[in-house]
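Source: prediction; values computed, not measured.
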Amino acid sequence: MLQDAETTEAVTFEVGASDVMGNPLFKAFDEAVRTLRVGASSTVSASGGEYDPNMLFSVPADHAEIARLRGEWADKGGLVEGITVTLINGEPAVVRAIDETKVVLDANHPIAGSAVLFTVTLLGVNEDSPAAA
């Protein structure tokens, strides 16, 4: 279990799950807790890799993909700047800008081009696993 010092909300995850997920933040947490004793803390750094400007692109506002996204988000507040959408290829993208002619999407990892630092404290270890139940 991990604790965010600012929110004091515990997070539970399965050690080793990051090997499958590929999420850099989960991978950093996973690596840190493998070496911690209960009650010990560690600073965790995660990076989303290099920011690729080619992953920032404009799609015409009348494109079929934009129509699909507008329909998907119609009952969730609409297609607006700042939300993360799932593209037709299954990949996530953040809506960076919208105007009458185009929608600008950013398919970079949300923390690409920067590092995120966390101090985590291992609160406990649950030896039970869903597979054993």
Hey, what else clusters with [X] if you join Ile, Leu, Val, Met, Phe, Trp, Tyr whenever side-chain heavy atoms sit under 4.5 Å?
X      : result
Leu56  : Tyr51, Val104
Leu117 : none
Ile66  : Phe57, Val59, Leu69, Trp73, Leu79, Val80, Ile83, Val85, Leu87, Val95, Ile98, Val103, Leu105

If you round to the nearest 0.5 Å, how far is [atom2] of [Y] from [atom1] of [X]?
X      : Y      : atom1 : atom2 : result
Ser42  : Arg34  : OG    : CZ    : 14.0 Å
Ser45  : Phe118 : OG    : CZ    : 10.0 Å
Arg70  : Glu65  : CZ    : CD    : 12.0 Å
His109 : Glu91  : NE2   : CD    : 11.0 Å

For [X] and [Y], work out which heavy atoms get closest and say how close.
X      : Y      : value
Ala112 : Asn108 : CB-CB, 4.0 Å
Ser41  : Thr119 : CB-CG2, 4.3 Å
Lys102 : Ser58  : CD-OG, 3.7 Å
Ala61  : Glu100 : CB-O, 3.4 Å
Thr86  : Arg68  : O-NH2, 2.8 Å

Val120 reachable from Val116 in the ILVMFWY side-chain graph, under 4.5 Å edges: yes
Co-membership, hydrophobic cluster, residues Val44 and Val125, 4.5 Å side-chain: yes
Arg37 side chain near Leu122 side chain, heavy-atom distance below 4.5 Å: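 No, too far: nothing below the 4.5 Å cut-off.
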